[in-house]
Structure formats: structure tokens, C-alpha cells
Amino acid sequence: MQDPEGIEVLVYTDLEGLETGRKVRLRGTVKRIEGKLSITDAVPSEDPPTPLKEFKKRYDDDPKGESVSLGGRLVSLRTMGKAIFGHIQDLTGKIQIYIRKDTVGDEGFRFFNEFIDLGDILGARGSLFRTRTGELTLEVHEFKLLAKCLRPLPEKWHGLRDTELRHRQRYLDLIANPRSRETFLLRSSIIKELRNFLDSRGFIEVETPILQQVASGANAKPFVTYHNYLEMNLYLRIAPELYLKRLIVGGFPRVYEIGRNFRNEGVDRTHNPEFTMVEFYAGYWDYEDLMTFTEELLEHLLIKTVGKTKITYQGKEINFKPPYRRVSYFELLEEKTGKDKEFFLRNLEGLKALAGELDVANYQSLSHARLIDKVFEKLCEEELIQPTFVIDFPALLSPLAKPHRKEPDLVERFELIVATHEIANAYTELNDPRIQEERFKQQLREREMGDEEAMETDEDFIRALEMGMPPTAGEGIGIDRLVMILTDTDNIRDVILFPHLRPK
RNA sequence: GAGCCGGUAGCUCAGUCGGUAGAGCAACGGCCUUUUAAGCCGUGGGUCCCGGGUUCGAUCCCCGGCCGGCUCACCA
């Protein structure tokens, strides 16, 4: 039993140090125990404690007569003279505890009253019962202070609202806001199920360089860093694509990588400078195979994580039950503009005029490829709510994709759009080294014309293709955006544990 | 990078037509052995984001800055 005069286990002395450089309201209890608090370690506690959700499930049917122990953070406290009610919380749930003077004894009760505060981490052992209102509750026989909470908890009813604080001190957000805990748990299970699904289909998980000598495989500005020993600049990858395809050349039949990409660009509701992607590549597949596969993958993810295929996102119902609509890029454009593929691909002046009418920013200085893409985004993407495969993109926009088997100006590429967001981007991979070389040269010309984000040439990648890459299809899925949709979140920072913020 | 909005107690928020501020929760002292946003009585707590300006006087008005949010631009 606890005895304030017992063996020293937990002692706070230098409380001033806590206040360095900032004003902190220290809690009365803490001031009181300054220098002198001590606790025996005589109380046994299960280590580590069972997650509370599991705990409650286990004992819900038969709460009587058990001597059980649990642990977690004390998040509410109702003292009623000679009895105390409170709730202990962990990541998975909450359970009520009940402490009676009769049960824990005078000394134990005094200790709890004097030294235990809201926010403390407690271990407790006792028996379960149901209160009048039917709530499963632990009547505490023994308890142990496992860690002291020196700062006050956020407000118990409203939680922690301030977005800045929620992001800067995510631990507070996680303690105070159940919604936030649920989001990150769901994110974890989405990634787990993604991995399970890919593994079960014969994909091999690999890791490729994050520090790269050439940042290629996407159109984006890289972060630059410096390697002291090699005396050279290196780039944080903007995509793993070219390395994963090297592995297909090397004989891996199917590979995937889940990891961070880094793009040195703006931050907003749907962009964080580092973001998580899965990219997977399958030899002997084409983009048609990938569309079917993607439908199966998403159906699996939805069922395994949220338990259904129909969800609500920002007030709109979205149905992930396959099959998804497939519509070609130029078909959509023609629907919106009445102008056909020939117009977009051959009539640069007409296209510029159209972009001007649509208020596309800087339309005078955009490349042909970007003009098409801007017009598409402006007119078409905004209306795609249900999962939709937009297929057969212009070759101009897709330097790594294989030419379409029937249409010479197009490539075999699709994007999966959900709720106006691009969730996946995929294509039959270009495996002809000569065409790839030509595409890189075209990108170089775009770069020379001022497009800073045109793709870099990777000589070794061309050499790899020269060894022969089997027909292959590959796809990238933005995990953060997928999590946003499945958690009904409209800001990417709410699905990234520690989003980037300016230092305060 | 631009425009708009915001920053007041630990948290959630109110307020001051310019006279240095309040509530609830949290904290602290009491009462209370089935409460659950517990209740009741009492107490303490603020560089009103920072720096300048105007003014007898600025938390409030003006200018600049910092941080955040939204929209736009760039991008996935």
C-alpha cells in the first residue's frame, strides 16, 4: 500500500527548471510534493497493461469477482467525500475507476486525495462491477502512481481546439481528442491492410534510396542536401519509381515500397513537403490489369478498415464497390469544351485562348503539356466525386508511360480520382530505352524553356532498360489522401502526426 | 508568394464605442461513499502575440513584424 513516508521512488525537486524561459502554471499538488513525495513500489501492476478496449470486451460479460489490473492516464476525477470516481484512458478507450475509503484504507485514500492529479499515469488493481447506470467500473483495491503529469490537461469538454497547438503538441491532441486518436489508428490499419493485400498477391516489399544523386521519376523540385564525405549534393527523392523499375529489370516479378517522398513546394490543405506513397510494379501486367487490381485493393481496404464500401466524405456519399467508371481524358475534355483531342494536341494558339478564357494563371508562359493539364484540372477534375479512372493521357504529360497501343499521341495511363482528389496514378511502363531517352530529351527541352519541374534525365535508368524490362505496369497511391477520404478529413495535416510548421 | 481572418488565464471562449479585463473547465481550501460535463461554499491566477506610433492614457486605434487558419498561385 502507498505510504508517503516510505521508500523513495518518485521525487520531484528541481521544479524551477521546468519553468525555464517560459511562464508555466505549476499545479498545486506538484508544489506540495516538491522535494518530498515518495511512494512505495509494493503494488503489483500488470506490465504492460491490457489495452482498455480489449480489457472491456474481455470482462463485459462477467464483471464479477475478478481481480484484474489495468493502467492508463487519469482523465476525469469526481471526488465525493469518502469515495472517488474517475476515468482512466489509453489509446483504445476509457474505463471508470471507483475508489472507496473502506476498500483502499485510510492511508491509501489519503494518498490518492493528496497526491494523485488529473493527467497522472496510474496502475490499478481491483474487481469489476456495474454501477447503477450499468457502466463497467473497476473498484480499486490497490493503485500505483506510475508517472506524474506536471502540466494541466486541456479542457475536458471541448478538448484541444487550437489547430496550431494540436499540430505542434500532437501528444496533447492525442490525449484530448478521441477523433484524432481514431484517425491515426485508422491510418495505421489502412497501411497494414495495404501491405497484407500486396503481400498476398505476390508483391515483394523493398527499400530504395531516399538520398538520390538524380531526383527523377516525377515533376517536382527536390530538397537538396550535402554529403560531406563524397563532397557532393544529394537530393531527397521525389519518387522511388526509377529504382523500383530497375528491380523489375533485375528479375523481381512484383515489388512495392511504402515510404516518404519529399517535394520542395508549397504547403496547403492537400500538400505536405513530405508525404507517404505506396508504389507497386508488376511484370507482365498492363494498365488494364492494374485497374482491376486497384478496384480489388480498395474494396479490400474499405472492408478491412471501415467495414463497408460506402462512406461519407465531406457530406457526399462515395461508393467504393467496384467496378468504377472508366472514362478517357479527352472524352471528358470534349464533354466540357466541345473540342476534340486534335484541338488540344495540335492547336496551341486555340488552346492558349481557351486557357485565357478559363482564367488559367500565367497561361501565356505555360508549356503545351501544362496548358492541357490546367484546362483539364479546371474543367474536369472538380466534378469527379465517385471513384473514376481517367484513362489514356496525352504522351506529353507522361514521360515514363508506354505509348498507347492504338493511339500514337496517347499513353496507357490512368489516374483514379475520388472526391476531386487524385488518389492513384498508374501506367503501363515505358520499357523501350530509345523512346525513354527521347522522352527525357523532351523534358530537358521543357526545362530549358523554363519549366523547373520538368523531369531529370537518369542515364543509368536508360542503361537498365537496355537490359530489357518485361512489359510492366506500375502505380502510385498517395496514402495521406486516401486516409483523408477514409477518415472524412479535409486537411492533410490532420492525417500526418507531425506536419511541418514554422518554428515559433 | 498575394489577399482576407485570427492570436485575451493551463484549456474553451466572452469583452473593453480608448480609462490595464471576465465566464466555464482546470488549479487551490472546505463539504459530500454509485458519480459520470457530478454538486455546493470559498480562493488564487493575465507582459490581452511582439515592437513602434497616436494619445493624458493602448489589450482596444494606426504602422511594422511573428505565428496560425482560409482562399488564390505552385504541386500530389
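Computed over heavy atoms, backbone and side chain alike; hydrogens, waters and symmetry mates excluded. So that the names make sense, note that chain A is the first sequence line, chain B the second, and so on, each numbered from 1.
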Protein-nucleotide distance ([X], atom [atom1]; [N], atom [atom2]), rounded to Å:
| X | N | atom1 | atom2 | result |
| --- | --- | --- | --- | --- |
| A:Leu165 | B:rC11 | CG | C1' | 9 Å |
| A:Ile238 | B:rA76 | CD1 | P | 10 Å |
| A:Phe223 | B:rC74 | CZ | P | 19 Å |
| A:Tyr427 | B:rA76 | OH | P | 11 Å |
| A:His500 | B:rG68 | NE2 | C1' | 17 Å |
| A:Glu377 | B:rA76 | CD | P | 8 Å |
| A:Arg166 | B:rG68 | CZ | C1' | 13 Å |
| A:Asp490 | B:rU71 | CG | P | 8 Å |

N-O pairing of [X] and [Y] below 4.0 Å:
| X | Y | value |
| --- | --- | --- |
| A:Glu453 | A:Lys221 | yes |
| A:Glu383 | A:Lys336 | yes |
| A:Glu422 | A:Arg481 | no |
| A:Arg187 | A:Asp480 | yes |

Determine the interatomic distance between [atom1] on [N] and the same-named atom on [M]; round to the nearest Å.
| N | M | atom1 | value |
| --- | --- | --- | --- |
| B:rU20 | B:rG57 | P | 15 Å |
| B:rC72 | B:rU55 | C1' | 39 Å |
| B:rU8 | B:rG1 | C1' | 31 Å |
| B:rU59 | B:rG46 | C1' | 11 Å |
| B:rC13 | B:rG65 | C1' | 27 Å |
| B:rG3 | B:rG15 | C1' | 29 Å |
| B:rC50 | B:rG6 | C1' | 16 Å |
| B:rG42 | B:rU47 | P | 27 Å |

A:Glu164 vs A:Ala83, nearer the 5' end of RNA chain B by closest nucleotide =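 Checking each residue's closest nucleotide, the 5'-ward one belongs to A:Ala83.
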Closest-nucleotide 5' rank along RNA chain B - winner of A:Arg269 and A:Asn272 |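 Upstream on the strand: A:Arg269.
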Counting only side-chain heavy atoms from C-beta out, which of [options] sits nearest to [X]?
| X | options | result |
| --- | --- | --- |
| A:Trp157 | B:rA76, B:rG69, B:rA37 | B:rA37 |
| A:Ala361 | B:rC70, B:rA73, B:rU33 | B:rA73 |
| A:Leu160 | B:rG69, B:rC11, B:rG1 | B:rC11 |
| A:Tyr98 | B:rA37, B:rU35, B:rU33 | B:rU33 |
| A:Ile492 | B:rA26, B:rA76, B:rU35 | B:rA76 |

For [X], which contact category applies under a 4.0 Å heavy-atom criterion: base, sugar-phosphate, or nothing?
| X | value |
| --- | --- |
| A:Glu135 | base |
| A:Arg263 | base |
| A:Asp162 | sugar-phosphate |
| A:Gly476 | nothing |
| A:Ile84 | nothing |
| A:Thr131 | base |
| A:Leu501 | sugar-phosphate |
| A:His87 | base |
| A:Gly478 | nothing |

Quick one: is [N] close enough that its OP1 or OP2 comes under 4.0 Å of any side-chain N or O from [X]?
| X | N | answer |
| --- | --- | --- |
| A:Asn491 | B:rC70 | yes |
| A:Lys82 | B:rU34 | no |
| A:Lys374 | B:rC74 | yes |
| A:Arg130 | B:rU34 | no |
| A:Arg161 | B:rC11 | no |
| A:Arg493 | B:rC70 | yes |
| A:Arg168 | B:rG68 | yes |

May I ask you to decide if A:Tyr171's main-chain N or O and A:Gln169's side chain share a donor-acceptor pair within less than 3.5 Å?
->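 No; zero donor-acceptor contacts below 3.5 Å.
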Say whether, by atom type as modelled, one donor and one acceptor occur between the side chain of A:Thr388 and the main chain of A:Gln386 under 3.5 angstrom.
->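 Side chain of A:Thr388 to backbone of A:Gln386: a pair is present.
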A:Phe85: what forms a ring-ring contact (aromatic ring centres under 6.0 Å, His included) with it, not counting sequence neighbours?
->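 For A:Phe85, the residues satisfying ring-ring contact (aromatic ring centres under 6.0 Å, His included) (neighbours in sequence not counted) are A:Tyr98.
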Does any nucleotide pair with [N] by Watson-Crick or G-U wobble geometry, both distances under 3.5 Å, and what is it?
| N | answer |
| --- | --- |
| B:rU47 | none |
| B:rG39 | B:rC31 |
| B:rA23 | B:rU12 |
| B:rC72 | B:rG1 |
| B:rG6 | B:rC67 |
| B:rA58 | none |

Can you find a donor-acceptor pair, distance only, under 3.5 Å between [X] side chain and [N] base?
| X | N | result |
| --- | --- | --- |
| A:Arg78 | B:rU35 | yes |
| A:Gln96 | B:rU35 | yes |
| A:Asp268 | B:rC74 | yes |

Side-chain H-bond candidate by donor/acceptor type, A:Glu54 with A:Thr92, under 3.5 Å |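 Distance-only check fails for A:Glu54 and A:Thr92.
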For A:Leu301 and A:Ile190, which heavy atoms make the closest approach, and how far apart are they?
->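 Residues A:Leu301 and A:Ile190, closest heavy atoms: CD2-O, 3.6 Å.
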Heavy-atom check, side chain of A:Glu274 versus side chain of A:His500, under 4.5 Å |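 Yes, at least one pair of side-chain atoms sits under 4.5 Å.
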